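Have a look at the structure below before the remarks.
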Amino acid sequence: MTPQVASQKSQNSHVDLAVQARIAAAKRKAEEKRRRRAQLAQRREYGLAARHAAKMRRWDKEEQP
């Protein structure tokens, strides 16, 4: 193997490693984003239910003489 070919192979492997690292980072970021969105959706659901329950309690108070 000539030095140029050996050098080219090591560059490709370095580039491949860099690309793999970027892909892994992007996957981690996407997973974190999915997890965060799921967490926010859960909190939003809880908040909606709590507000609805409070509204119903207010309406019950207003209706009672």
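Keep in mind the model is a prediction, meaning the values are calculated, not measured. Along the sequence shown, residues are numbered consecutively beginning with 1.
By the 4.5 Å heavy-atom criterion applied to side chains, Arg57 and Lys61 are not counted as neighbours. Residues Leu17 and Gln20 meet the side-chain proximity criterion, which asks for heavy atoms closer than 4.5 Å.
With rounding to the nearest 0.5 angstrom, the CZ atom of Arg35 is 9.5 Å from the CG atom of Leu40.
Salt bridge present: Arg34 and Glu31 bring a charged side-chain N and a carboxylate O closer than 4.0 Å. Using a 4.0 Å cut-off between charged nitrogen and carboxylate oxygen, Lys29 and Glu32 do not count as a salt-bridge pair.
No more than 12 heavy atoms of other residues, nucleotides or ligands lie within 6.0 Å of CD in Glu45, so this atom counts as exposed by the packing criterion.
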